[in-house]
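Here the structure is laid out as structure tokens; the discussion comes afterwards.
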Protein chains: 2
Amino acid sequence: MNTIEWDDDTESVKLIDQTLLPGEYRVVACRRVTELIEAIKRLRVRGAPALGAAGAYGVVLACANARDKKKLRAEVEQLKNARPTAINLSYGVIRALNAALAASTMVEMKENALEEANRIAEEDVAVNRKLGDYGSALLEDGDVVLTHCNAGRLACVDWGTALGVIRSAIAKGKRIEVIASETRPLNQGSRLTCWELNRDKIPVTLITDSMSAAVMREGKVDKVIVGADRVVREGVINKIGTYMHAVVAKAHKIPFYVAAPRSSFDTDRSYKDVVIEKRSSEELLFCAGTQIAPLDVNVYNPAFDFTPFELIEAVITETGVYKSVQNQLLIKND
Amino acid sequence: MNTIEWDDDTESVKLIDQTLLPGEYRVVACRRVTELIEAIKRLRVRGAPALGAAGAYGVVLACANARDKKKLRAEVEQLKNARPTAINLSYGVIRALNAALAASTMVEMKENALEEANRIAEEDVAVNRKLGDYGSALLEDGDVVLTHCNAGRLACVDWGTALGVIRSAIAKGKRIEVIASETRPLNQGSRLTCWELNRDKIPVTLITDSMSAAVMREGKVDKVIVGADRVVREGVINKIGTYMHAVVAKAHKIPFYVAAPRSSFDTDRSYKDVVIEKRSSEELLFCAGTQIAPLDVNVYNPAFDFTPFELIEAVITETGVYKSVQNQLLIKND
């Protein structure tokens, strides 16, 4: 199945529980908005594009369960704020909510919201395919691509953004190998990227995040491609560590690409105005339940960082590759 | 107790088992060279200066247990090669072995080796104090210092190299705060550095390795100080990730220092001629016994990387601060 889907029989949102991978593949069903919010906060579903679909399907759940519009709006507001940094969550919520509010009865509202949510999910796959097509032209046969976190099928409804570019290049007959950085503290790189690339038999080598510069120095990396949680006026907000990879790529003259759908764009806004989610210190104090630091140590745990356009060779989208920065605006290269 | 000591009553090498920290503080006793080799390979004792003492005390064990010189030499050879990258292990072994071989009976040999091993351990503490004195002059009141891995008391017999510089600066009345990167895959930063700094009530904040560039960009870091496993002709070999921190420090114009005793110097040799230990893929596939990656994924796991002098502001030693690079030789700044 896709990363996230609507299930008509049970009137629920079904999603692959990404906290259990790679040890266990389990699909969970959320029948209430509160369950979906828990799944979003716990990162059972994560990745900016997947959160767009999750937001929209959450509105469907809200319509199916809410007694009136006031109750609906309150539930939807909580859903929209489940995580602050990726813009796609609120984008999906707002699109589905607007569709719902065009109807007058709760039944029609749910139908409208479901139609819009399915459209968002379908668009996501189509957008990733187009984005992958554009991006694949940037990769050469034999390239080794380093990626961080998981901007793959599991971060989207299907296909993926950064990994979508790699899948598209491979579909065109290019031989591409991947280096995946494990992506502490939650290991989306080792747990999710390695899992989905292994499944597709795409060659992948796992490294720790800190090895990035060393493998570049050894000449092992041709390109870097990552996803984005939000593209803002001056650059890109993405998983913590993205900025480090961009700095070391620049130092080794290795092109650093961001692959993101236009729905992740929020270019009227400055990065300074985006809330960077700070997550629990427990993510660094424990690993798989075992203590790996003194429990009373001070922890700094932002989930995202900001990378300025100066370090980004191009942003790959479904409408083309945006190649250079002028007056802090990306100029599309046709 | 110190990180590693000789125990006369039991004729054994006692060491703090660093694999169990911070959850448990346990001292283990090695009565045989094979036990000490296991402790070195498993990183129960680690850190270049501590390995120097371990090597020397291992020769004492060999003298105490070997039937003849041939047997002794064979055991000592295995000990010397327990880990390949830090030069201190072989340095300690050779010094104690030479002292032993000056005697004629096995009893005298053991006494000579023990005397030399104790001298190495005492020298280590004295050297770190001197090194700390020199280094402390480079730190200003109020500095925040980022460090990687553990170049502290636990990496030495006592006091520490990188953390020794910080301890010396604090002893002189300067207020210093530390940012510790967790140091994947074995988390010496979160497990050991945070533990020993917490014990000494030195303020420390834990981050993931990948956050280094982001905290520098946020203006949170004044200096970086790390240890060294080996100082070679063109730069420094140290824990994997050191090179990444050096590259991002340079990009943010933050001074990057290496603190290392002269016993870690091997400046006749090129980094190309030093074996970089590749450790088991299990270190990345499992965290505290729980699977965090597909078991059949390819893993690249070098334990060390190389940082050229171009990225190093100075090397702090017990004979002074070596400040600039000319013809690939460090020039001492008096």
Side-chain angles (χ1 to χ4, degrees), chain A residues 22-23 148 179-185 187 189-191 194-195 197-199 203-215 217 220 239-248 250-252 281 283-302 305-306, chain B residues 22-23 148 179-185 187 189-191 194-195 197-199 203-215 217 220 239-248 250-252 281 283-302 305-306:
Chain A
H148 185 60
I179 293 178
S181 53
E182 60 171 355
T183 315
R184 291 283 299 155
N187 289 81
S190 56
R191 293 192 305 105
C194 290
W195 181 79
L197 292 178
N198 254 16
R199 267 195 142 191
V204 55
T205 299
L206 173 62
I207 61 169
T208 65
D209 303 322
S210 78
M211 289 175 199
S212 171
V215 294
R217 191 173 188 285
K220 292 192 166 85
K239 177 55 57 200
I240 187 72
T242 300
Y243 175 61
M244 175 274 286
H245 289 298
V247 171
V248 299
K250 186 66 134 192
H252 295 87
S281 61
E283 292 181 352
L284 276 85
L285 299 180
F286 294 90
C287 193
T290 298
Q291 184 193 340
I292 54 167
L295 299 185
D296 53 349
V297 76
N298 188 34
V299 172
Y300 182 59
N301 186 21
D305 60 25
F306 166 72
Chain B
H148 185 60
I179 294 178
S181 54
E182 61 172 353
T183 315
R184 289 283 297 154
N187 288 81
S190 57
R191 293 193 304 105
C194 289
W195 180 81
L197 292 179
N198 254 15
R199 268 195 141 191
V204 56
T205 299
L206 173 63
I207 61 170
T208 65
D209 304 322
S210 78
M211 289 177 201
S212 170
V215 296
R217 192 173 185 284
K220 292 192 165 86
K239 176 55 56 201
I240 187 74
T242 300
Y243 176 60
M244 176 274 287
H245 289 299
V247 171
V248 300
K250 185 67 132 191
H252 294 87
S281 61
E283 293 182 351
L284 275 85
L285 299 180
F286 295 90
C287 192
T290 298
Q291 185 192 340
I292 53 166
L295 299 185
D296 53 350
V297 76
N298 188 34
V299 172
Y300 182 59
N301 186 21
D305 60 24
F306 167 71

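Chain letters run A, B, ... following the sequence lines, proteins first and then strands; every chain starts at 1.
Proximity to chain B (any heavy atom under 4.5 Å) is shown, for Pro302(A), by both the backbone and the side chain. The parts of Phe306(A) that come within reach of chain B are both its backbone and its side chain, each placing non-hydrogen atoms under 4.5 angstrom from that chain. Using a 4.5 Å cut-off between heavy atoms, His252(A) touches chain B through its side chain atoms alone. The contact between Asn301(A) and chain B is made by backbone and side chain atoms together, counting heavy-atom distances below 4.5 Å.
No other option in Thr290(A), Ile292(A), Asn187(A) has as many heavy-atom pairs under 4.5 Å with chain B as Ile292(A). Ranked by heavy-atom pairs shorter than 4.5 Å toward chain B, the options Ser190(A), Ala213(A), Cys194(A) are led by Ser190(A). Top candidate by heavy-atom pairs under 4.5 Å with chain B, chosen from Arg191(A), Gln291(A), Arg184(A), Met244(A), is Arg184(A). When each of Val215(A), Val247(A), Leu284(A), Thr242(A) is scored by its heavy-atom pairs under 4.5 Å with chain B, the top score falls to Leu284(A). The choice from His148(A), Glu283(A), Lys220(A) that makes the most heavy-atom pairs within less than 4.5 Å of chain B is Lys220(A). When each of Leu197(A), Asp209(A), Ile179(A), Ile207(A) is checked for heavy-atom pairs under 4.5 Å with chain B, Ile207(A) comes out on top. Taking chain A as the reference chain and counting heavy-atom pairs below 4.5 Å, the highest number among Val204(B), Val299(B), Leu206(B) is found for Leu206(B).
The heavy-atom pair separating Ala214(A) from Tyr243(B) by the smallest distance is N-CD2, 3.7 Å. Between Pro22(B) and Pro294(A), the shortest heavy-atom contact is CG-N, 3.7 Å.
The shortest side-chain heavy-atom distance between Val248(B) and Val248(A) falls under the 4.5 Å cut-off.
Within the model, atoms CE of Met211(B) and CG of Asp305(A) stand 9.0 Å from one another, a figure rounded to the nearest 0.5 Å. For the atom pair Glu182(B) CD and Cys287(A) SG, the distance stands at 8.0 Å (nearest 0.5 Å). Separation of atoms CD1 (Ile240(B)) and OG (Ser212(A)) is listed at 10.0 Å; rounding is to 0.5 Å.
Thr205(B) places no side-chain N or O within 3.5 Å of a backbone atom of Tyr300(A) that could act as its donor or acceptor partner.
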